[in-house]
Chemist: 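Encoded as structure tokens, here's the structure I'll be asking about.
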4 protein chains.
Amino acid sequence: MPKLGMEPIRRAALVKATIAEIGAAGSLDVSVSQIAKRAGMSTALAHHYFGGKNQIFEAAMRHILRDYSTEVRDALATATDPADRARAIVRTNFAQSCFDTATVSAWMAFYVQAQTNPQALRLLRTYQRRLRSNLTHALRSLCDDPHGVADILAALIDGLYIRAALTAPDENPERTALNVLTTLTKGAA
Amino acid sequence: MPKLGMEPIRRAALVKATIAEIGAAGSLDVSVSQIAKRAGMSTALAHHYFGGKNQIFEAAMRHILRDYSTEVRDALATATDPADRARAIVRTNFAQSCFDTATVSAWMAFYVQAQTNPQALRLLRTYQRRLRSNLTHALRSLCDDPHGVADILAALIDGLYIRAALTAPDENPERTALNVLTTLTKGAA
Amino acid sequence: MPKLGMEPIRRAALVKATIAEIGAAGSLDVSVSQIAKRAGMSTALAHHYFGGKNQIFEAAMRHILRDYSTEVRDALATATDPADRARAIVRTNFAQSCFDTATVSAWMAFYVQAQTNPQALRLLRTYQRRLRSNLTHALRSLCDDPHGVADILAALIDGLYIRAALTAPDENPERTALNVLTTLTKGAA
Amino acid sequence: MPKLGMEPIRRAALVKATIAEIGAAGSLDVSVSQIAKRAGMSTALAHHYFGGKNQIFEAAMRHILRDYSTEVRDALATATDPADRARAIVRTNFAQSCFDTATVSAWMAFYVQAQTNPQALRLLRTYQRRLRSNLTHALRSLCDDPHGVADILAALIDGLYIRAALTAPDENPERTALNVLTTLTKGAA
DNA sequence: AATGAATGAGTTTTCATTCAT
DNA sequence: GATGAATGAAAACTCATTCAT
């Protein structure tokens, strides 16, 4: 009895398995074989549904970004005023989920991939554009140069994140970022 | 044709070739075979002089960090007052040499490696400690909380660097960083 | 051309090829590549089915021991009284099949491997335990110290085998062993 | 100042190192590089003095056999009557020195090599001929068939040695062999 | 007498991918 | 829809051997 409509289920399973394996390996050095095994299917099927290893990875990356976007949107939805919106964006970027081994690995892999894989570069740009746009919007009424301050905060968030994720897990990057937010908005936030 | 004392020459050639290959590949997915060929020798000799692939990579990473450290030291040597020292540090981090394809790739590879390779993590920490220490020292007389400001600036530098290197080559990260430096030191810088 | 259920076929082919190669080489200095070629498949497939070189060897060793055990069992089945059983055991150990080049090589390789490979040591011990137990059982009613005589006969069999296999192919080790058997059982056998 | 007459010193050092390495490895899987390092010289020199790996091994084998022969000769020299001579030969074959890891490994390696290396086969035959001849001589006045009994004892010694060396280090092979000697000489020994 | 330099050929092992069923 | 079978290509690494010095 051939099952119908398996495609989305299989694809989701593979994406999930890919992220898990990346997390376990700490890098993209993960074989299709490992992914397929974790997803409970043959490598041939993985290829059938995605066409190749790169496409599996791309789907996983997209998935991670989509998750991230959803979290940001949810956080923004509960915020009541501009200052709150700005703080919510900052907080989302340092939520526990962002420090999952798999997420960290995927993020670092993004940076590597972006140098050679146009698809990955596009995704990374999408993320950065969205972050900047969200921040600019929130800062509009809080300071004179929302664009400029958004650029600063966005870079600061990335820099603090890398340090916290890789080399300084004990620090409190969220507080630091919020402090800078306050400073750059002259307390308006 | 000198036949003795080849070891340092070969090692240097391999390190140089490694960095070049990393730059060309945009990642650490580079084989000893490629490196050895570019360095003009057999893979056997590469293994003979370094013992293994990892050690070749480590030597290359150390080389990059040493170059970076030298540039910082030189820049600091020409600075005349604290504010100048702080600005010099910032500028060095956005010098042209930092945006060589090979350097960018190595830097991103660092982030990936740091998650699983203790040696790489140690090197990354060394870099970050040094940057923070240099900044703190320069900021001592320029603001109330030199440690805190140094942390912010260090993270900001990393974040701006990644963006400039990967996704926004046209912007002027140096100016942005210098502006923040001025703001956080209340113009004292 | 059957395409399913190849695993047992391939494994058997590899074991057979391994024994043949060991025989041809006269030692365990045999590459997976040689084995796979003789078995008519790629090295990748050999690894796929066995996991690694050591496991291929282990399977081959087990196969040889299993063959030997079968021969002993068959010989014992046709014996009618204790004395006959004892003589059957001795004869089996000097049967033509024991002097196949491949078998001899595998046996000598066993001795070498036993020094460092616990798996090989275990197999060797299994063989020796079985031989001793079979002999003891057969000798029970034939002499006062079946255990002691079994130990002597077992060692004698091994010693005579090595000499016949390696350095004295013309002698008649079987007769010598049977003579000792007669002497030590005071003619009861 | 080129040293003269180094050849015998170097050769002896290499032979000693070879035996030590074989003992450490438990097999002949020992590289010239390891041997040369242990002997304190370059691989090139090892080749210079011996011509190749096989010749180094052969020299090591010859050395082991020479040592063994010396021990037998010394033991025979102190014996006073035929029975004592026979017992001395047996004892020498189970002396502590015969159970050194290196000696055991070399001995097992002999068996393997004898199958393909004529040189090794010749050495092995020399050992066996000598053992048989020594035993026959000692047994001449102790039993009716000294040749036959010598063959039995020689094989028994080898068989007991292998078992003691590889799989049953706790047993007392010497006593067993001496018992058989007594039996086969009807107590004359 | 001695060695550092160098390599070609070979080792085991892994993997993305294809295909017949 | 799903998979076992199969492989070519490549990876890292090792080693006996040669040669110029």
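Every heavy atom of this structure was used, including side-chain atoms; hydrogens, water molecules and symmetry mates were not. Here is how names work: the chains are called A, B, and so on, in the same order as the sequence lines, proteins then strands, and each is numbered from 1.
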Chemist: Can you measure D:Asp29 atom CG to F:dA16 atom P for me and round it to whole angstrom units?
Modeler: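 My rounded result for the distance is 10 Å.
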Chemist: Answer yes or no: is there a donor N or O on one side and an acceptor on the other, between the side chain of C:Lys16 and the main chain of C:Ala60, under 3.5 Å?
Modeler: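 No: the side chain of C:Lys16 does not pair with the backbone of C:Ala60.
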Chemist: Taking atom C1' of F:dG8 as reference, at what distance in whole Å does atom NE2 of C:His48 sit?
Modeler: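 Nearest whole value for this atom pair: 16 Å.
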Chemist: Kindly give the heavy-atom pair with the smallest separation between A:Phe57 and A:Val30, and that separation in Å.
Modeler: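 Nearest heavy atoms, A:Phe57 then A:Val30: CZ-O, 4.1 Å.
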Chemist: DNA chain E: D:Leu45 or A:Gly52, which has the more 5' nearest nucleotide?
Modeler: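 The residue closer to the strand's 5' end, by nearest nucleotide, is D:Leu45.
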Chemist: Between F:dA2 atom P and A:Phe50 atom CZ, what is the distance in whole Å?
Modeler: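 Whole-Å distance recorded here is 14 Å.
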Chemist: Taking CE from C:Met41 and C1' from F:dT7, how many angstroms apart are they, rounded to a whole number?
Modeler: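 Between C1' of F:dT7 and CE of C:Met41: 12 Å.
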Chemist: May I ask you to decide if A:Ser31's main-chain N or O and A:Gln34's side chain share a donor-acceptor pair within less than 3.5 Å?
Modeler: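 Yes; judged by distance alone, with no hydrogens or angles, the pair exists.
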Chemist: Can you check whether C:Tyr49's main-chain N or O pairs, donor with acceptor, with C:Arg11's side chain at less than 3.5 Å?
Modeler: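 Judged by distance alone, yes, a pair lies under 3.5 Å.
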Chemist: Enumerate, in order of first residue number, the stems that involve DNA chain F, defined as 3 or more consecutive Watson-Crick or G-U wobble pairs with both distances under 3.5 Å.
Modeler: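 Paired runs of 3+ in DNA chain F: E:2-21 with F:2-21.
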Chemist: Return the nearest nucleotide to the side chain of A:Met6; candidates are F:dA2, E:dA16, F:dG8.
Modeler: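 The answer is F:dA2, which lies nearest to the side chain.
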Chemist: Would you indicate which nucleotide in E:dC15, F:dA16, E:dT7 comes nearest to any side-chain atom of A:Ser31?
Modeler: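 For A:Ser31, the side-chain atoms sit closest to E:dC15.
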Chemist: Let me know, please, whether B:Ala44 or C:Gly5 comes out on the 5' side of the other along DNA chain F by nearest nucleotide.
Modeler: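 By nearest-heavy-atom nucleotide position, the 5'-most residue is C:Gly5.
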Chemist: Could you check whether the rings of B:Trp107 and B:Tyr68 sit parallel, tilted or perpendicular, using 30° and 60° as the cut-offs?
Modeler: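 The arrangement is tilted - the two ring planes meet at 30° to 60°.
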Chemist: Measure from CD on A:Gln34 to C1' on E:dT13 and round the result to the nearest Å.
Modeler: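 Atom CD in A:Gln34 sits about 14 Å away from atom C1' in E:dT13.
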Chemist: Once you round it to whole Å, what is the distance between P of E:dA16 and NZ of A:Lys37?
Modeler: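 About 13 Å, once rounded to whole Å.
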Chemist: Can a side chain N or O of B:Arg10 be found less than 4.0 Å away from OP1 or OP2 on E:dA6?
Modeler: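 So the side-chain polar atoms of B:Arg10 do come within 4.0 Å of the phosphate oxygens OP1 or OP2 of E:dA6, strictly under.
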Chemist: When you get a sec, tell me which of F:dA16, E:dA1, E:dT11 is the closest nucleotide to the side chain of C:Lys53?
Modeler: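 In terms of side-chain proximity for C:Lys53, the closest of F:dA16, E:dA1, E:dT11 is E:dT11.
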Chemist: Given that C:Ser33 and B:Thr43 both sit by DNA chain E, which one's nearest nucleotide is further toward the 5' end?
Modeler: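 Whichever sits nearer the 5' end wins; that is B:Thr43.
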Chemist: Select from C:Ser42 and B:Val32 the residue whose nearest nucleotide in DNA chain F is closer to the 5' end of that strand.
Modeler: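 Closest to the 5' end, via its nearest nucleotide, is C:Ser42.
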Chemist: Is any side-chain nitrogen or oxygen of B:Tyr49 closer than 4.0 Å to OP1 or OP2 of E:dA6?
Modeler: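 For E:dA6, OP1/OP2 do have a side-chain N/O of B:Tyr49 under 4.0 Å.
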Chemist: For a quick test of reading the model, state the closest non-hydrogen atom pair linking D:Leu121 to D:Ala114 and the distance between them.
Modeler: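 That would be CB-O, 3.7 Å.
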Chemist: Quickly work out the C:Arg11 CZ to F:dA6 P distance and round it to whole Å.
Modeler: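 Going from C:Arg11 (CZ) to F:dA6 (P), I get 14 Å.
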Chemist: D:Ile56 has an atom CD1; how far is it from atom C1' of F:dC15, in whole Å?
Modeler: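 Those two atoms, CD1 and C1', are 13 Å apart.
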Chemist: Flag yes if more than 12 heavy atoms outside B:Arg122 fall under 6.0 Å of its CZ atom; otherwise flag no.
Modeler: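 At most 12 heavy atoms, drawn from other residues, nucleotides or ligands, come within 6.0 Å of this atom.
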